[in-house]
Amino acid sequence: MSAKSLSKGKGRVKKKLSGSKSYLLNWSKTFRGRLTIICLIGLCLIPLLTQNRYYLGIFITAMIFSIFAASWDFLAGFTGQVSFGQAIFFGISGYITSYFIRYLYLPWWASLLIGSLVGVAFGLLIGIPALRLKGPYLGLATMVLGLIMFYTFLNVKFEPWLGGSEGISKIPQISRNAVETYYIHLIFMITSFLILIWIGKSKMGTVFKSIRDDDIGAEASGINLTKYKLIAFMISAFFAGIAGGLFAMHNRGVNPGVFQPLYSFYAIVMASLGGIATISGSALGSYFFWFAAELFSEWPDVSVFIFAIILILVIRFAEHGILKPVLERLKDIWDLVLGK
Amino acid sequence: MNKKLNYKIYRSDENMERSTKRILAIVLVIAVAGAGLGIGLWFVFAPQESIFETPGVSGVSDDRLIKIGLLGGITEIQGEGNYEGAWLAAYNINQAGGVQVNGTTYYIGLVAEDTDESNPVLDVTKGVSAAEKIIEVDGAEYIIGGFRTEALKAYVEVVMDAKKLFLGTGASTDYFCGNVYGEAYSSYTRYKYWFRTMPINSSALGGSQITIMAYLGGYLSAVLAKPVTKVAILREALDWTIPMANALNTYLPYYGFTIVADIQYPITATATDFATYWNQIEGLDAQITIPVISAQGGLYMMSQYAALQPQCLIVGIDVQSQLDTFWTDTSGDCKYETIMQSVHRTNKSDLTIAFWDDFVATFDHEPLYTAVGAYDSVNLIADGINATGSFKAQRLITWLESFTRSSPMIGKSVTASHIAWNPSHDLEVGWPFGTTLYCQWQADGSKHVITSGNLLYPDSIVTGPISLPPWGIND
Amino acid sequence: MGVILEVKNLTKKYGGLTAVNDFSFEIKRGEFIGLIGPNGAGKTTVFNLISGFQRPNSGTIRFDGKDITGMAPYKIVNLGVARTFQLVRSFKLLTLLDNISVSCLSSRGKKVAKGHGVDEYASTILASVGLVDKARIPPIILPHGDLRKLQIGKALGTNPQLLLLDEPFSGLSHEEQDVITDLIIKLHDDGVTVFMTGHVLRELMHLVPRVIAMHQGKFIMDGTPQEVAKNKIVLEAYLGKGEVFA
Amino acid sequence: MVPIAEVIIFGTIEASVYGLLALGFSLVYGVGGILNLSHGLFYLLTGYIIFWTYTTIGIVWAVILALIIIIIVGGLSYLLLIKPLQENHVAILIITFSLGFFVEQFIKVFGDAIPHTVPSFVGGAITILGVPFPSQFFVILIGSFIVIAITGLFISKSKIGKSIRAISQDREAAMLMGINADRTLMYTVMISAALAGIAAVLYVPASSIAPHMGWDVLSNSFAIVIFGGLGSLKGSVVGAFILGYTRSFVNYFIDPAFSALVPIVVIILVLLIRPRGIFGKKEVY
C-alpha cells in the first residue's frame with residue numbers, strides 16, 4: 001500500500017479511533033474498573049484495620065507473589081512462551097539483591113534494582129533457548145535450567161562462591177515498621193501491574209500477542225521473532241526479579257530453595273487460578289492461594305491436602321481461571337442491584 | 001387492543017420478577033458485605049479464646065499462662081519430637097501444680113505452628129509466617145524448636161525482631177550461636193535471645209567423632225589383631241556437614257588414620273547410588289565408615305550395607321537411625337550401625353531413665369533428640385521463671401547466662417547432669433556437660449550404648465558391648 | 001522495469017523426495033504473474049523458499065538485485081516481499097485492526113506508518129480490503145472470504161513491493177472469488193508486483209498475463225495462459241482431473 | 001577394569017528403572033500430546049499400597065492389588081480430569097500437577113512423611129564381573145527388561161498397540177480410519193500407570209518410598225523423555241540408558257556431588273543442539 005492511497009481514508013479513520021485518550025477515564029467507569037479501584041482502596045486501608053505483622057505479612061507475601069505470577073502470566077498469556085523456570089529470575093535476583101545488601105552495604109532499593117537487572121540478563125540468556133524451542137520443549141527446557149541453577153547453588157563444591165545449601169542470610173527487612181513495609185510492597189505491586197497491563201495494551205503488546213497466536217504468521221508480517229521474544233523474556237524476568245528481591249528481603253535471606261520448581265509452579269498455579277492473560281487475575285490467584293494457605297495452617301496436616309483438592313476443582317470446572325466468571329457473576333448481581 | 005393488554009400484563013410480570021430479583025440481589029449483596037465485614041472485624045478484634053494447650057490441667061485463664069510457642073515441621077519427625085517433648089514437660093509441670101511466681105500459680109501453655117521445614121521442597125515463607133503468627137497472633141512469649149538451618153536462618157530473625165527468648169532444639173550448625181558472640185556487640189544485643197539446648201554443636205560433634213575414632217582404632221586393632229586405620233567418610237552434600245568433615249580430614253591423620261574416601265552425595269541420591277558408594281568404599285578397603293547424614297540417605301545406606309556387606313564398621317551421624325522405627329523401616333538392615341544419639345535409656349543424668357520410660361509410656365515410641373531438647377527447654381523456662389520471679393526475656397537471659405562452666409546447673413536436665421552455656425549461648429560440652437552417646441543397633445533389633453573407653457562418657461553408663469558385623473572387617 | 005525477483009537453479013529435497021528441482025525464473029517489476037501446477041507440484045515450497053520459511057538445498061534467490069537465499073523470513077518481508085498462506089492464518093484473539101497493526105509494526109511497515117500513526121495506517125488498509133466495519137472484532141467469527149481479505153491486508157501492512165499470494169481463492173465461493181479478484185487487481189494497479197499460485201487453471205486464466213507452469217518440482221514452461229493451456233506436458237499433468245478448462 | 005564394570009552394571013540397573021518410567025510418560029505424550037505431571041504419583045501410590053497391605057495379605061497379593069488399583073486410578077484420572085480439559089494444555093499441566101500434589105498430601109495426612117521400605121524379594125548379593133550388587137537389583141534388571149520387551153511387543157502387535165501407534169503418528173488419519181482416539185488415550189494412560197507401577201514394584205523393595213519421592217520420579221522421566229525425544233519409545237529407552245550411565249560415570253569418575261547436576265546439563269545441551277531430542281519427530285511444515 002503506497003502512502004498515496006493512504007490519505008484517502010484519513011478522515012473516516014480518525015473518527016473511528018477518537019476517544020482512546022480518555023481510556024483510563026472510561027475504564028474507571030466500567031464495572032471492572034470500579035471494582036478494581038474499590039479493591040485498591042481496600043488494600044490501602046488494610047493497615048488501618050490491623051498493624052499486626054502476621055496479618056500484614058500474609059498480604060505482603062501475596063503481593064510479592066502477585067508480581068511474580070503476573071510476570072509469568074505476561075510471558076505465557078501475552079507472548080505464549082510457557083516457562084516452567086520462572087524461579088530462575090526470581091532466585092537470581094534474590095541472591096544478587098541479598099548479596100549487595102549484605103556484603104556491599106547498598107541500600108535495599110539499589111540492590112533490588114541491580115538484582116532485577118541481573119534477572120533481565122538471565123532473561124536474555126534463558127530467552128535464547130526459547131528461540132529454538134516451542135511448546136512443551138520450552139517448558140521442559142526452562143524447568144531443567146531452573147534445576148541446573150538449583151543444583152549449582154546447592155552444590156557443596158561451589159559453597160565458597162555461591163553460599164552453598166544455606167545461602168545468604170541476615171538480610172534486614174525493608175523497614176522495621178510493618179505498615180511502611182506493607183505500603184512499599186503495595187506500591188511495587190500496583191506499579192508493576194500498571195506497567196505490565198500498559199505493555200499488554202501497547203503496540204508492543206499487540207506484537208507479543210500476535211506471536212502467541214501464530215508465530216509463523218507474525219514472522220510473515222515482518223516481525224523479528226528473536227527480538228520480541230527476547231524482549232518479552234527480559235520484561236518478564238525484570239518483574240520476576242523484583243518479586244525475587246522483595247521475597248529475599250521479606251524472608252531475611254535466600255537459599256538455593258528459591259530456584260526450586262516449586263516457586264515456578266506457584267507462579268503458574270496462581271496465574272491460572274486467576275485466569276491466564278489477565279495480569280490482574282494473578283493477584284486474585286495469589287491472594288486466594290496465600291489466604292487459603294494461612295487459613296488452613298491451623299490444621300497443618302490437612303492444609304495443603306485441602307488446597308490440592310480446591311486446585312483440582314477450580315481447574316477442572318473453571319479452566320480459564322476464576323477471575324472472569326467471578327467478575328461476570330458480580331456484574332450480573334450489581335446490574336440487578338442498580339435495576340439495569 | 002387485546003394484544004396490547006397482554007403485552008402490558010406480560011411487561012408488568014417481567015417487571016415484578018425483575019424487582020423481586022433486584023430486591024433479592026440487594027439483600028444478597030448486603031448480606032455478603034455484612035458477613036464479610038463481620039468476619040473480618042471478628043478476626044481482628046474479637047477477644048479470642050486461648051489457643052494455648054495446657055497439658056495436664058484445664059480451664060486455666062489466659063493471664064495465668066506461661067505461653068510457650070513450638071516451631072517446627074509438625075508433621076515430620078523433628079517437629080513432632082519437639083512437640084512431644086514439650087508436651088510431656090508441660091504435662092508434668094502442670095500436674096505437679098504449675099509454676100509459682102510471687103505467690104501466684106501459673107501453668108505452662110503450649111501452642112505449635114507448622115514451619116514445614118522438614119519438607120524436602122522447602123518454602124521458607126511458611127517458617128517466617130509461622131514465626132510471625134506464633135508471636136504476633138498466638139502471643140507466645142518463649143519459642144522452642146528449629147531444625148533445618150535454611151529455614152531457621154529465615155525465621156530466627158523474626159523471633160529476634162520480636163525480642164523473644166528462643167531455645168533451639170534441633171539445629172547443630174555453629175551459625176546461630178556464632179551470631180550471639182559475633183562480629184560486633186550489636187550482634188549480641190540482637191541475637192542474645194537465642195540459646196541452644198540441643199544438640200551440641202557440629203564442631204563438638206566432630207570432636208566427639210574424632211575421640212571415638214581414636215578409641216575404636218585402638219580397640220579394633222587389638223581385637224582383630226591387625227591395624228585398623230582406613231576410614232571413609234560418607235556425607236550429604238549440605239553445608240552443615242562441612243565443619244565436621246573438615247575436622248575429620250584435619251585431625252584423624254594425627255591419630256594414625258588414613259582417609260581413603262570422602263564421598264559427598266547429593267541429597268537426591270538413590271539406592272543404586274548408595275550401592276555404588278559402598279562398592280567404592282569397599283574397593284578402597286575402608287575399615288570404618290563415618291556417615292554424616294540427616295535425611296533419608298541413611299535408609300539407603302543401611303539397606304545397601306546389609307545387602308552388599310562391605311567389610312567395615314559404620315560409626316557416625318545418621319539422624320533417621322535415632323528413631324526406634326528405623327529398625328522396621330530398614331527391615332532390620334540397620335544392624336551393626338553405630339550412631340551418635342543425645343540420649344538413650346541410660347543414666348546420662350539422674351533424670352534420664354525416668355524421662356525415657358515416661359516418654360515411651362506416653363507416646364509409645366522412643367524420644368528423638370528434639371524431644372529431649374524440648375523437654376529440657378520447657379523445664380528450663382519454668383525453672384527460670386520460678387527462680388527469677390519474672391517473665392521478662394532479659395531476666396531469663398541473665399539467669400541462663402549465669403550458668404557457666406565454673407558454676408553449672410546441676411541435676412536439672414535430662415541430657416546431661418551439668419548444664420552451662422558458653423558466651424555464645426552454646427552448650428558447654430564434655431562429660432558431665434553436654435555430650436553425645438554412641439549407640440549401636442544389635443542383631444536382635446535393640447540398640448545400646450557402647451563404650452567410648454571412658455573418653456566421652458564413663459563406662460558406667462554403657463549398656464552393651466560393641467558388636468562387629470559377622471562378615472568381618474577389611475584388612 | 002528491471003527484474004524484481006530472480007530465481008536460479010532452486011532445489012529443495014526432503015529426504016529422498018525432491019520437492020523443487022533445479023527451478024529457475026524471473027519476474028519483472030510491476031508484473032502480474034501466476035504459478036500453476038497440480039496439487040503437490042511444489043508451488044507452496046517455491047513460495048516458502050522465496051519467503052525464507054525454508055532453506056533451499058541449492059540455488060539462489062535474488063530480490064531487487066540482492067541475494068536473499070536463506071535469509072530469515074522477517075528480513076525478507078522487510079525488504080519488501082510479503083506473502084499469504086494457502087491455509088489462512090490469523091491472530092485469533094486479536095481484533096482485525098490489531099491483526100493488521102502487527103504488520104504495520106514491522107520495520108518496513110513502520111516507515112510508512114510513521115507520519116500517520118499505526119492505528120490509522122492499519123485502518124486505511126482495513127478499509128482498502130473492505131473490512132473496516134469489523135475493525136474491533138476478532139477473526140475467529142469471520143467467514144472464510146473475510147479471512148482471505150484479512151490475509152491480504154496483513155501482507156499489505158508491510159508495504160510490499162512483491163506480493164506472493166498462495167492459492168488466494170481456495171475454499172471460496174464464486175462471489176467471494178470475485179471480490180478477492182477485484183482486490184488483487186486494484187493492488188496491482190497501485191504498483192505492487194503480484195505473484196500468485198493456483199492449481200486450477202481457470203481461475204488464473206483471465207487474471208494474469210503471464211503464467212509459469214510446474215509439475216513434480218520441475219519447471220515446465222513460461223508463457224501466456226493460452227500458450228500454457230495448449231502445452232502437452234501441462235495437459236498431461238492435469239489429465240484425468242478434468243480441470244484443464246472446464 | 002572394575003570401575004568400568006561398575007559404571008556399566010549400575011548404569012544399566014538405573015537405566016532399566018528409568019526406562020520403565022519414561023516409557024509410560026512418553027507414550028502418553030505421543031498419543032495425546034499430554035505431559036502428565038502426575039506420572040510420579042503412579043509410582044508413589046503403587047509403592048504405598050504395597051507397603052500398607054503386604055503385612056496383611058502377603059507380598060504377592062499386595063503387588064497384584066496395587067497394580068490393579070493403579071491401573072484404575074490411571075483410567076479415572078484420564079476420564080475425570082484429563083479428558084474434559086483436552087483442548088487446554090496448560091490446564092492439563094496444572095491439573096495433573098495438582099493431582100500429584102494431592103496424592104503426596106494424601107499420603108502425608110493418612111500415613112506419615114517418614115521414608116519406608118518394603119522387604120526385598122530376594123536377599124543377599126550377586127557378583128558379576130567382580131562387582132557385587134544386591135540381588136534385588138538383579139530382579140529389577142530382569143523384570144524391567146521383560147516388561148519393556150512385552151510393552152514393545154504389545155505396541156507393535158496388539159490391536160490397542162496398533163491404534164496407539166496410529167494415533168501418535170497421525171491423529172487425524174487414525175480417527176478417519178475409525179480409531180477411537182479418546183479410548184486409545186485412556187488405555188495409554190492406563191498402560192503408562194501400569195508401567196510406573198511395575199517400576200515401583202521392582203524398585204521400591206531395593207529403595208524406599210516417601211511422599212515427596214513422586215517428584216524425583218517425574219523429573220527423571222521428564223529428563224529422559226526430553227533427551228530421547230517426546231513421544232519416541234526408542235528414545236525413552238535409549239535416553240534412560242544414557243542418563244543411567246552418565247550418572248554412574250559421574251558418581252565414579254568425577255564426584256557424586258555432581259551426579260545430580262551433570263545429567264541435566266547434558267539434557268539441556270542436547271536440547272539446544274537438537275531441540276527435538278535424539279529420536280524426536282521432526283516438525284513438518
Side-chain angles (χ1 to χ4, degrees), chain B residues 73-80 116 118-122 234-238 261-280 282-283 295-310 320 323 325-326 328-334 368 471, chain D residues 2-3 5-7 9-15 17 55 104-105 108-109 112-120 122-127 130-137 140 203-213 215-216 219-220 244 247-248 250-252 255-261:
Chain B
I74 292 169
T75 54
E76 317 237 4
I77 56 170
Q78 287 87 2
E80 194 183 41
D116 201 27
S118 304
N119 194 336
V121 185
L122 177 71
L234 181 56
R235 55 173 163 134
E236 326 179 289
L238 291 179
D262 179 3
I263 299 174
Q264 298 178 52
Y265 68 85
I267 44 169
T268 50
T270 60
T272 28
D273 291 330
F274 275 88
T276 327
Y277 306 148
W278 277 128
N279 279 334
Q280 258 173 293
E282 182 66 357
Q296 84 268 2
L299 198 71
Y300 298 134
M301 176 178 76
M302 290 321 294
S303 62
Q304 298 309 312
Y305 177 75
L308 294 168
Q309 308 191 334
Q320 301 266 337
L323 285 171
T325 52
F326 196 64
T328 44
D329 284 339
T330 56
S331 319
D333 286 345
C334 61
L368 193 71
W471 51 85
Chain D
V2 169
E6 290 195 14
V7 167
I9 288 172
F10 286 109
T12 313
I13 292 163
E14 290 229 324
V17 180
T55 42
E104 180 188 357
Q105 298 308 323
K108 271 194 184 172
V109 171
D112 55 39
I114 306 167
H116 295 288
T117 53
V118 171
S120 303
V122 282
I126 298 179
T127 304
V131 183
F133 60 92
S135 319
Q136 179 65 29
F137 285 4
I140 296 171
Y203 198 55
V204 169
S207 175
S208 75
I209 36 169
H212 64 89
M213 229 160 259
W215 302 117
D216 297 344
S219 61
N220 279 329
R247 268 182 70 104
S248 65
V250 173
N251 264 336
Y252 258 92
D255 192 313
F258 291 99
S259 70
L261 190 58

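Proteins come first, then strands; the chains are lettered A, B, ... in the order of their sequence lines, and each starts at number 1.
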- If every non-hydrogen atom of D:P256 is compared with every non-hydrogen atom of B:P266, which pair is closest and at what distance? O-CD, 3.0 Å
- If you round to the nearest 0.5 Å, how far is CD of B:Q296 from OG of D:S207? 8.5 Å
- Task: Sort out for me which of B:D333, B:T328, B:T270, B:D273 touches chain D most, counting heavy-atom pairs under 4.5 Å.
- Result: B:D273
- To the nearest 0.5 angstrom, please state how far the CG atom of D:N220 sits from the OG1 atom of B:T268. 8.5 Å
- For each of D:M213, D:E14, D:R247, D:H116, tally heavy-atom pairs with chain B at distances under 4.5 Å, and name the one with the top tally. D:E14
- What part of B:T272 lies closer than 4.5 angstrom to a heavy atom of chain D: side chain, backbone, both or neither? both
- Task: Return the option, out of D:A257, D:A125, D:P132, with the maximum number of heavy-atom pairs under 4.5 Å with chain B.
- Result: D:P132
- Task: Against chain B, label D:Y203 side chain, backbone, both or neither, depending on which of its atoms sit under 4.5 Å from a heavy atom there.
- Result: side chain
- Message: Does any backbone or side-chain atom of B:Q320 lie under 4.5 Å from a heavy atom of chain D? Answer side chain, backbone, both or neither.
- Response: side chain
- Roughly how far apart are D:N251 CG and B:Y265 OH, rounded to 0.5 Å? 12.5 Å
- Message: Do D:F10 and B:N279 make a side-chain contact, defined as non-hydrogen atoms from C-beta onward lying under 4.5 Å apart?
- Response: yes
- Please look at B:F326 and chain D and tell me whether the side chain, the backbone, both or neither of the residue comes under 4.5 angstrom of a heavy atom of that chain. neither
- Query: Are any non-hydrogen side-chain atoms of D:P134 and B:Q304 less than 4.5 angstrom apart?
  - Reply: yes
- Task: Please look at D:T117 and chain B and tell me whether the side chain, the backbone, both or neither of the residue comes under 4.5 angstrom of a heavy atom of that chain.
- Result: both
- Looking only at heavy atoms, the pair that brings D:S208 and B:Y300 closest together is OG-OH, 3.2 Å
- Query: What part of D:V7 gets closer than 4.5 Å to chain B, counting heavy atoms only: side chain, backbone, both or neither?
  - Reply: neither
